[in-house]
Every structure is written in structure tokens, then in C-alpha cells.
Amino acid sequence: MLCLTAVQSNFSRFTPRSSEEFTSASRSVKPGLVCCGIVSAWTWSATLLQSSTAAYTFGVSGPWWYGAGGSIQVAMFGMVAAKVKMNANGAHTFLEIVKVRFGTAAHIVFTVYAFICVLVVCGSLLVGGAATVNALTGMNILAAYFLLPIGIAVYVVFGGLRATFICDWTHTIILFAIIYTFIFRAYGTSPEIGSLARMYELLTQAAIDVPVPGNANGSYMTMKSNQVGRRHWFIYSVTSFRAHFSQGLIFGASALLSGFAGVFCDQGYWQRVNKRIFALRSQTNVSINLKAIASHPKGTTKAYMLGGLSWFAVPWAFGSCLGLSARALQSNPLFPTYPFPLSPQQTSAGLAAPAAAAVLMGKGGAVALLLVVFMAVTSAASAELIAVSSIVSYDIYRTYWNPQATGAEIVRVSHYAIGAWAIWMGCWATILHQANIDLGWTEPGCPRCTMGIVLSPAVIPIILTVWWSKLTRAGLLFGSIIGAILGMLAWMIGCWKINGSITIANLALPISAVCSGLTGFMFSGLITVFVSLWKPDNYDFEGTRAIAMLDNSENNDPDSDVASAEKKLPTDFEVRPTGPVAQEDPLCHDTLQRAFRRAAWYSSAMSVIVILIVPLTMFFTNYVFSERFYTFWVTCSIVWVFMSGTFSVILPLLESRKEMVAILKRLGGLASTKLYIKS
């Protein structure tokens, strides 16, 4: 990454010494790399481990609900991105938008939400990643907590956000290569399994030996799994009814709620995704555009469509392969805990995937899983480091400490923030470890997650901030704060009413998390809307549209990094005048509205298919997979993951082929010149 950053700085128009390039990659990354970035940024170490745990625990429904719980939000985020491009194109963080529109109090509240989200994400990354490293290698887990983030911070400090893009692409190649390896090994060449028919046979036997409580026939190959427990009477957050709840459905609800919180409250996601789709556009009457690929809003919808579809295949295919393999192989003498299944503690720590990998491929499987988990940790952690640096530099330092900060000062503060947070990440993971908080408490989409509990009340207010002109400051504050209070009360009361007592173990149950997350999500939205309608605003978004890129003044300085970058533009680029009103162009606005509607239709269709049509049809019919249908199910996951690899790996190369050729020509010319001089 350091070498590639050096090449970029010297042979392209981008330099990480510019604050815009460091924090937002000059808003110039193309849809193919956006798709790759979505897959990489949303594939945490816990994504791989907990999707496998879900398959090991619930059967085929687990990884499906895990994928649905994370991909829907990506699709819906495309609509928000279109609104941000229309209403706040110059913003560096979503907190800047909140500050400009609603003032200091709202800014502080949502800054707290943003830091809580980053803490949960970092805890999940390190707790899951270090546990896997420790299980596979015996490395001291406390050492892993510190060495992982500090090593990542090195290339982030020098390369900024664009370095994380390149890192995303290289990590995605490794991710899909290892997923394909495990798939071919499990379903094709492994002597322990070796075929889909053998996998079906082993899972059928596993349902007899260790049936899933409440699943139809105790099977691992069904979407029907009635929740059993001490009480079947559940007072729902909004309406009361008597029902048998599916473990898979409760898992899906938990995944959806925590996924919304994980996407919309995470500055790393805003920064790594929606900032990528914007062309470099400054308000100094100069913009730099690639001739071959114009900056068109339709790329937004394309990127999110491919990103959501591509990411869905990762937990579905990977979790189905290794999670169900772990369950199928528990009677194999090579299984680490033979003749017993994994203990609840081992399962909660996400060790189903490592156990299956060790049996399927021996030491090679352990190394492959270790590598893919390491790649996932580094990619997602680099995003969080950039996110924290942006919050500290723009929303704390520039907002409250030095409002006249220059681009160079912002970059320097960002460097300090990255280094300090990398050390704090290790300390935070150590605190979680000493408190016996494992992966199940921190991973979005897992049965026991804090993200949906503490962050769901902020989701709807954040969306409406860039979306709804009638939103008021009172509605925003009342909704986000009262929603959080009601969510916490629902967590405690729901745990007490359903489970009979409030204990740490009962609070960790998935149904308790759903009570809290759903209450906070819905009531915060209702309060925000009703309070705003009581005395509605009529905001025109002129204030948020006026948020300017910080390096504007640097463009006029002939010695600045931005100016020098413009001097070395390749012939594929043109410099053309544009005015500050460019984003107010009616055609641009109409195009963005079409992109918004397209994203709305796509996200709605995807939600209906993956949340309603496919799982609920099989749920209500009590269908248990036949061998032929199980073969079809796995084949679909394999085809889907191969298409995902194509979109994520090949498309970025095709889109950037001219730039890569230009850089290679410059490198070749430099090498030829040096050889000529020597001769």
C-alpha cells in the first residue's frame, strides 16, 4: 500500500497531502470500485464467522437471513446517496450536515451516536479477528488486539482514503479466491464430504443426533423453525398478538435492525460509499472530469445495486459452506471437539468456521481462514480509522477548535487521530475481553448484538436530515433521545416479561434485542415525524448545499498540492469551467430524481424478494428441503458468489484500464529515461 501510494502521488493527479484526497478520495472513484468497496467494507471478520455460526445453529435459514439483514440497507442507502448529492454535495461527514441544518445541540447528540457506532464496529472487528487468530495460531490474544490496528494505521496515515480503496480491491480478490477454494473443497474434493449428496446425508444425520429445537423435524435444511422457550406469549413492541416465533425470523429481525444501524450511523460507511460516487467538483469554477467516463448519477444506482447483490452472496455462500460443514462434520474424528459439538462459548466466539476449515483442509484450511479474516479486519478497520479521523478533524477540531483550519492542518490532525485511535482500539478490545464480552454482543446481524439496541433510534432522524424539508430540530432531538430511552426500557421490560427475569444471559437473548431495536427504531421515527409536523419547517437545503470542500483556496495557490496535481494531468482528462451552481442545474436535478426513484424501486423489489417471497413461502409451508432442492439451493449460492466476484474484481479493472495504462506508460518512460542517462 505504501508503494502504491507513492506511485499514485508521483504519476497521477491525486496526492494524499490534499485534505479532500485524504478524507474523501477527491470524490472521484468509479462504480466498479464502489461495488468492490461495499463488499470489502461490509465484510467484517465477524461477517464470515457469524454467518457460519448462524448456519451451524439454525441451518440454511441463518446465512440467508444474515445476508438479507445487511444487503437491504445497502440498496436503500442508494436513495440516501442521491439525496446527499442533491442537498449536501460538499459535506465530508453526515455530522456536518446535521450541524449546518440543526445547530450545535443536534451535532453533539449525533456525534455521540457516531462514536458509539465506531466503538461497536471496532470492538466487533478486533474481538472476532483476534479470537480467530488465537484459535488458529495460539498467538497471545492481547497482543493481537494491539498489533492488528497499529499495523493498519501505517498505510492509512500515508495513503488516506484512496489507499483503503486499493486495499479493498486486493482484499476482495483474496476473499473470493478463498471462498471459491472452500466451496470446491467442501462440495467437490474433500474426502470427508466431497459432494452435495453426502452433505445432505450428513446434515440429515446431524438433525437426528443434535436436532434444532423448534425447527421442522429438527432439520437444518428448513426455513421453518418455531421459537421454543419458557413463554410463547410475547408482547410485541407495537401490537400484541400470540404467535410462535421462528428463530430464523427473530434472527432476521435482529439482522435487519442492527444492519440499518450499522450502515446509516457509521461514518465509515458514508465516507467509503457515498463519497465515492461523486465526481471531483470544486466551487472555484474548475472541475476535473474524465472524458471516457462522465460523472453521471446513474452510476450511483448501478454501484449500490451491484454492491448489495454482491455482498449478499458472501455470507450466504460462505456461511452455508463452512457453517453447515461444521455441523455435518461434528461426528468426524477429525473434528476439534469430537465426539461433542462445539460448546456454547465456542459457538458464540464464532469458531464454527475455523473448526470446519481445519477438518476440510487441515493446516491449509486454517491458514486460508486466518488470511481471509485478517483481510476482512484490515479492510473494515482502515475504514473506521478514516471515519474517526474525519469526525475528529472536521466535526471537532475544525468546528469547535480552529474554524479557519487549512487543508494541511486537517491532514495533520487526521494523522494524529488515526494513530491515537489505533492504540485506543487495542485498549477497547482488551476492555471487552476482560469483561467477557464476545463476538455475539457486538456483531450486527448476530442474535445478541448491541448495535441495533443502542443505535436504532438514530437511523430515521439521520435519513430525514438529508431527505425531508419539514424536519425540525425539536423533532430530530426528541425522536433520537426519547427513542433511545424507550428502546432501553423495552429491552429491560421485554426481557422481564418474556424470560421471567432480567439477567445478563436473558438480556443477551435475540428476542430481547429485537424488543429494544424495534421499539427504538419505530418510536424514534414516529416521534420525529409527529413533532416536526406539529410545527413544520420549510428548509430549502441552501445551507447544506453551501458546504464547501476545504481545499478550494488551495486551487488558487500555484505551489499547492492541488495546483501541482492539475499540472500533471494526463491527456485523458480535461479541465473545464463550471460554476458553483453546477449542482443546481435542472437537468442534473432531474437526473438525480430519476436515480432516486430507480434506487427506490430496486431496493423495494430486493426487499420483497429476499425478506418476504423466498423465506416466508417456505416458512409458512413448513417445507424441509429435499435432496434435489438442497442441491438447487447450494447451486444458486455458488453461481451468485461467482457473479459477485466478477462484479467486484473484474469491473474495477475494466473501468480504470486507461488510467492504469497511463501510469504504466509514465513508469516505463521514467525507467527508459534513467537507462538512457546511465548509458
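Each residue takes its place number in the sequence, starting with 1. Since this is a predicted model, take the numbers as computed values, not measurements.
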What pairs meet the side-chain hydrogen bond (donor to acceptor under 3.5 Å, both in side chains) rule with one or both residues in residues 322-338, with sequence neighbours excluded? Tyr220-Arg327, Arg327-Gln330
Test side-chain contact (heavy atoms from CB on, under 4.5 Å) applied to Leu148 and Leu126, step by step: CA-CA 8 Å; Leu148 281 171; Leu126 290 184; 4.0 Å; yes
Quick one: does any side-chain atom of Asn217 pair with a main-chain N or O of Val624 as donor and acceptor, under 3.5 Å? no
Kindly assign one of parallel, tilted or perpendicular to the pair Trp64 and Phe312, based on the angle between their ring planes and the thresholds 30° and 60°. perpendicular
Once rounded to the nearest 0.5 Å, what's the spacing between atom CE of Met76 and atom CD1 of Ile72? 6.0 Å
Who are the ring pair (Phe, Tyr, Trp, His ring centres under 6.0 Å) partners of Phe629, not counting sequence neighbours? Tyr623, Phe625, Phe632
For Thr347, enumerate each residue passing the side chain to side chain contact (heavy atoms under 4.5 Å, CB included) test, keeping only those at least two apart in sequence or located in another chain. Thr53, Tyr56, Thr57, Leu342
Are side-chain heavy atoms of Tyr630 and Leu203 found at a separation under 4.5 Å? yes
List in chain and number order the residues that pass side-chain hydrogen bond (donor to acceptor under 3.5 Å, both in side chains) with Glu627, two or more places apart in sequence or in another chain; answer none if no residue qualifies. none
Please step through side-chain contact (heavy atoms from CB on, under 4.5 Å) for the pair Met221 and Trp633, ending with a clear verdict. CA-CA 10 Å; Met221 294 172 288; Trp633 183 268; over 6 Å; no
Is there a side-chain contact between Leu49 and Pro354 in this structure, where contact means two heavy atoms from C-beta onward sitting under 4.5 Å apart? yes
Apply side-chain contact (heavy atoms from CB on, under 4.5 Å) to Phe264 and Leu455, showing your working. CA-CA 9 Å; Phe264 289 95; Leu455 296 176; over 6 Å; no
A side-chain contact here means heavy atoms from C-beta on lying under 4.5 Å apart; do Met223 and Thr617 qualify? no
Any side-chain heavy-atom pair of Met199 and Val634 under 4.5 Å: no
Could you check whether atom CZ of Phe374 has more than 12 heavy atoms from other residues, nucleotides or ligands sitting under 6.0 Å from it? no
When rounded to the nearest 0.5 Å, the distance separating CG of Leu616 from CD1 of Ile613 is 9.5 Å
Between Trp428 and Leu119 (side chain of the first, backbone of the second, donor and acceptor by atom type, cut-off under 3.5 Å), is there such a pair? yes
How would you list, by chain and number, every residue that makes a side-chain hydrogen bond (donor to acceptor under 3.5 Å, both in side chains) with Thr43, sequence neighbours excluded? Trp311
Verify, without hydrogens or angle tests, whether Asn140 (side chain) and Leu142 (backbone) share a donor-acceptor contact under 3.5 angstrom. yes
Could you state the interatomic distance from CD1 (Ile183) to CZ (Phe176), rounded to the nearest 0.5 Å? 10.0 Å
Sequence-distant partners of Val133, side chain to side chain contact (heavy atoms under 4.5 Å, CB included), two or more places apart: Thr137, Met139, Leu370
Where Gly426 and Thr430 come nearest, the two heavy atoms and their spacing: O-OG1, 2.8 Å
Any side-chain donor near an acceptor of the partner, Ser320 and Ser637, under 3.5 Å: no
Is the shortest side-chain heavy-atom distance between His433 and Ile141 below 4.5 Å? yes
Side chain to side chain contact (heavy atoms under 4.5 Å, CB included) filter on Ala177, not counting sequence neighbours, yields none
Can you tell me how far OG of Ser190 sits from CG of Leu329, rounded to the nearest 0.5 angstrom? 7.0 Å
I'd like to check Met375 versus Leu175 (side-chain heavy atoms, cut-off strictly below 4.5 Å). Are they in contact? no
Indicate yes or no for a side-chain donor-acceptor contact from Tyr187 to the backbone of Thr635 under 3.5 Å, with no hydrogens or angles considered. no
Counting C-beta onward and ignoring hydrogens, is there a side-chain heavy-atom pair between Trp424 and Cys427 closer than 4.5 Å? yes
Within the distance-only criterion (no hydrogens, no angle test), does the side chain of Ser524 pair as donor or acceptor with the backbone N or O of Phe521 below 3.5 angstrom? yes
List the residues meeting side-chain hydrogen bond (donor to acceptor under 3.5 Å, both in side chains) with Asp209, not counting sequence neighbours, and say none if there are none. Gln205
Here the gap from Ser382 atom OG to Ile152 atom CD1, rounded to the nearest 0.5 Å, amounts to 7.0 Å
Side chain Ser644, main chain Ser310, donor-acceptor under 3.5 Å: yes
Check step by step if side-chain contact (heavy atoms from CB on, under 4.5 Å) holds for Met488 and Val454. CA-CA 8 Å; Met488 289 295 173; Val454 298; 3.6 Å; yes
According to the salt bridge (Lys or Arg N to Asp or Glu O under 4.0 Å) rule, which pairs have a member within residues 180-200, sequence neighbours left out? Arg198-Glu201
Between atom CD1 of Ile638 and atom SG of Cys321, what is the distance when rounded to the nearest 0.5 Å? 8.0 Å
For Trp316, what residues pass the side-chain hydrogen bond (donor to acceptor under 3.5 Å, both in side chains) criterion, not counting sequence neighbours? none
List for me each residue that meets side chain to side chain contact (heavy atoms under 4.5 Å, CB included) alongside Ala458, sequence neighbours excluded, and say none if there are none. Phe110, Tyr113, Cys265, Ile462
Would you mind reporting whether Leu309 and Phe647 have side-chain heavy atoms less than 4.5 Å apart? no
